[in-house]
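Convention: sequence-line order gives letters A, B, ...; per-chain numbering from 1.
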Number of protein chains: 2
Amino acid sequence: MDQGKQDGEAKLATDDADLRGPSRPVGLALRLVERVAEWQPIGASDLARRLALPKATVHRLLLALETFGWLERDGGSRPLWSVSMRPIAVGGRAIEWKSGLRIAALSVMDALRHQTGESIHLGLVDGENIVLIERIDGVNSVNIFLPVGTSWDLSWSSSGKSVLAHLPEGELESFLETPRYRRKSETDIIPVTELRDELTLIRDRGFAISVGVPPAASSSIGAAIFDKRGRPFAGLSITGASDRLREEQLLALAPQLVAAARRISIGMSMD
Amino acid sequence: MDQGKQDGEAKLATDDADLRGPSRPVGLALRLVERVAEWQPIGASDLARRLALPKATVHRLLLALETFGWLERDGGSRPLWSVSMRPIAVGGRAIEWKSGLRIAALSVMDALRHQTGESIHLGLVDGENIVLIERIDGVNSVNIFLPVGTSWDLSWSSSGKSVLAHLPEGELESFLETPRYRRKSETDIIPVTELRDELTLIRDRGFAISVGVPPAASSSIGAAIFDKRGRPFAGLSITGASDRLREEQLLALAPQLVAAARRISIGMSMD
DNA sequence: TTTAATGTCTCATATAATGAGACAATGAGT
DNA sequence: ACTCATTGTCTCATTATATGAGACATTAAA
């Protein structure tokens, strides 16, 4: 069975299609970067085996990617590869540029963290995932510090579900086409239908709640952010350790969160 | 004259060498990603002109990079290109994996921000740059929120200078080989020699200070973090708005900062 | 010591990259 | 409304590189 969606953490790479055709080397190289990021630190042979690619091809690409500064290896006699800082540096520029969102959100997020004491997350939709692009830390003593760049399947995080709930019907359909499961315990799996019901509730209330989301077992309450055309494209959430933020506490934060998300949406529409 | 180093913000890309030879398409594609990140949003022709590459080649690569999910364009009739969330997602994995550092640093950083009230930055050396990989926000009401992924030339930021000061003599030499300037005002440029003097002072005191660093005109005090072999590879800094953190305030924070950086170095050496 | 992996490299062949140029669509200037 | 420089897009003959099987030395484990 295809794993990956079950554990909530989003897959990075595009499907491992055959990739014959134009720009094949580029495609292979990028896939390599993505996979190395996922499996680092990893050896060349191991990588080739997992990708079902010839050893020589992988090796050649690894050397190229090292030359260009995207990958690096440790000094061992059997080198292990990992990604360099380059992708972060590149990604940082991306965040800075989606500044319409970031700038509009920052002051609101700062105010919200002072009101609530909790950490505030800003996520941006990327295909079927939502990526954490900014985090402002709560002033409480115990906090969760998720690294920027963490991404989740839209059906997992509270802000992701908020986005889903406000998606045009057609797009939601095609999202739900790929079967999606959520594992609560080892065997307890929530199927699609229940997610649909939850989305209806979310649309009515204007916010979503998630408890015990990996990788840090955090709990959160999230709301969607809309662009000028009324399309949900990002999410704002209040996130904290599961043992402090139980459903009751989360619900109490709802009004302030929803107001903040709306304020950001409005700020985005004024250009 | 070669700009770029003067404004403190680090260059992303490798040099625009001719790139003939093996893996050329991969090299071109990666350079494209880096440049688009730098200049986004940008059109295809403009990009081709700046890179001195044929329009057709650039166009083909842009389409490929879109297919693979690394670039995207707005819907306009003259599409403008920008980078997707993919690099951040990839980079996030990188950060998570340098977890030796991140994990070791987080609790210390959290403690430090509660002691001082200011924002704490963790930077990782990447070639001649230092990249912000984690930020923990101060509890004060006025704060600077630099995006993770921001990078500076080593000679600019306080933590970068701390790293430089503790570099083996040979490596420092080759770093200073490329002429480096710092612009204080439009015409006031600090040459190499003065930087050398400053590094001596930094080595003696164990910390460095920078005032008015772009892009947010922040001021900071920084100290180097060392690996098991005693090599500086990262930096810790206390950063805030220039108008609150003047040299006097920064100096007062030095003991706590230096202690925290040492604690992280020690934590890293215990594997 | 044996053995099964791994990293590295070479080379003939297949395949894709290359870039000049053509074209229509666009948008700025008048 | 009309001009005209510029843009995005595509084609195609030529050239250059990618490809991947296999060989080899090296390493780590049995």
Side-chain angles (χ1 to χ4, degrees), chain A residues 13-14 16-36 38-68 70-84 271, chain B residues 13-14 16-36 38-68 70-84 271:
Chain A
T14 3
D16 283 350
D18 199 12
L19 260 198
R20 296 265 160 196
S23 296
R24 181 169 128 101
V26 175
L28 287 180
L30 292 177
R31 189 191 295 171
L32 226 61
V33 171
E34 295 167 347
R35 295 307 199 200
V36 167
E38 214 161 337
W39 297 325
Q40 63 188 318
I42 188 175
S45 290
D46 194 2
L47 193 58
R49 204 176 312 112
R50 295 211 216 182
L51 287 170
L53 286 173
K55 217 172 32 161
T57 303
V58 169
H59 187 251
R60 179 164 19 90
L61 285 172
L62 285 175
L63 292 182
L65 288 166
E66 183 185 36
T67 302
F68 302 133
W70 284 68
L71 295 184
E72 46 192 33
R73 44 177 162 179
D74 63 12
S77 55
R78 300 270 174 98
L80 296 178
W81 296 81
S82 52
V83 303
S84 73
D271 294 320
Chain B
T14 4
D16 283 351
D18 199 15
L19 262 199
R20 297 265 160 194
S23 298
R24 182 169 126 104
V26 175
L28 287 180
L30 292 177
R31 189 191 296 172
L32 227 61
V33 171
E34 295 167 348
R35 296 307 199 200
V36 167
E38 213 162 339
W39 297 327
Q40 63 188 323
I42 188 175
S45 289
D46 194 3
L47 193 59
R49 203 176 313 113
R50 295 212 214 179
L51 287 170
L53 286 173
K55 218 173 28 162
T57 303
V58 169
H59 188 250
R60 180 165 17 91
L61 285 172
L62 285 175
L63 292 182
L65 288 167
E66 183 186 35
T67 303
F68 301 133
W70 283 69
L71 295 184
E72 46 192 33
R73 43 175 163 179
D74 62 11
S77 53
R78 299 269 175 99
L80 296 177
W81 296 81
S82 53
V83 304
S84 72
D271 295 321

Next on the checklist: Taking donor-acceptor contacts at under 3.5 Å, does the side chain of B/Lys55 reach the base of D/dG8?
Outcome noted: yes

Next on the checklist: Check B/Glu34 with B/Arg31, please: is the shortest side-chain N to carboxylate O separation under 4.0 Å?
Outcome noted: no

Checklist entry - Rounding to a whole Å, what distance do you find between A/Leu63:CG and C/dT8:C1'? => result 9 Å

Next on the checklist: Rounding to an integer number of Å, can you tell me how far B/His59 NE2 sits from C/dA17 C1'?
Outcome noted: 16 Å

Checklist entry - So what does A/Thr57 hit on the nucleic acid, given a heavy-atom distance under 4.0 Å: a base, only sugar-phosphate, or nothing? => result base

Item to check | Shortest side-chain distance from B/Arg73, nucleotide among C/dA17, C/dT8, D/dT9 | outcome: D/dT9

Checklist entry - Would you say the side chain of B/Arg78 and the base of C/dT26 hold a donor-acceptor pair, judged only by whether the two atoms sit under 3.5 Å apart? => result yes

Item to check | Interatomic distance, B/Arg60 CZ vs C/dT15 C1' [rounded to whole Å] | outcome: 14 Å

Item to check | Separation of atom CG in A/Leu62 from atom C1' in C/dG7, rounded to whole Å | outcome: 11 Å

Item to check | Interatomic distance, A/Leu61 CG vs D/dT17 P [rounded to whole Å] | outcome: 15 Å

Checklist entry - Whole-Å distance between D/dT6 P and B/Arg49 CZ? => result 8 Å

Checklist outcome for this item: note: A/Leu51, atom CG; D/dT19, atom P; distance rounded to Å ~ 13 Å

Checklist entry - B/Leu80 has an atom CG; how far is it from atom P of D/dG8, in whole Å? => result 8 Å

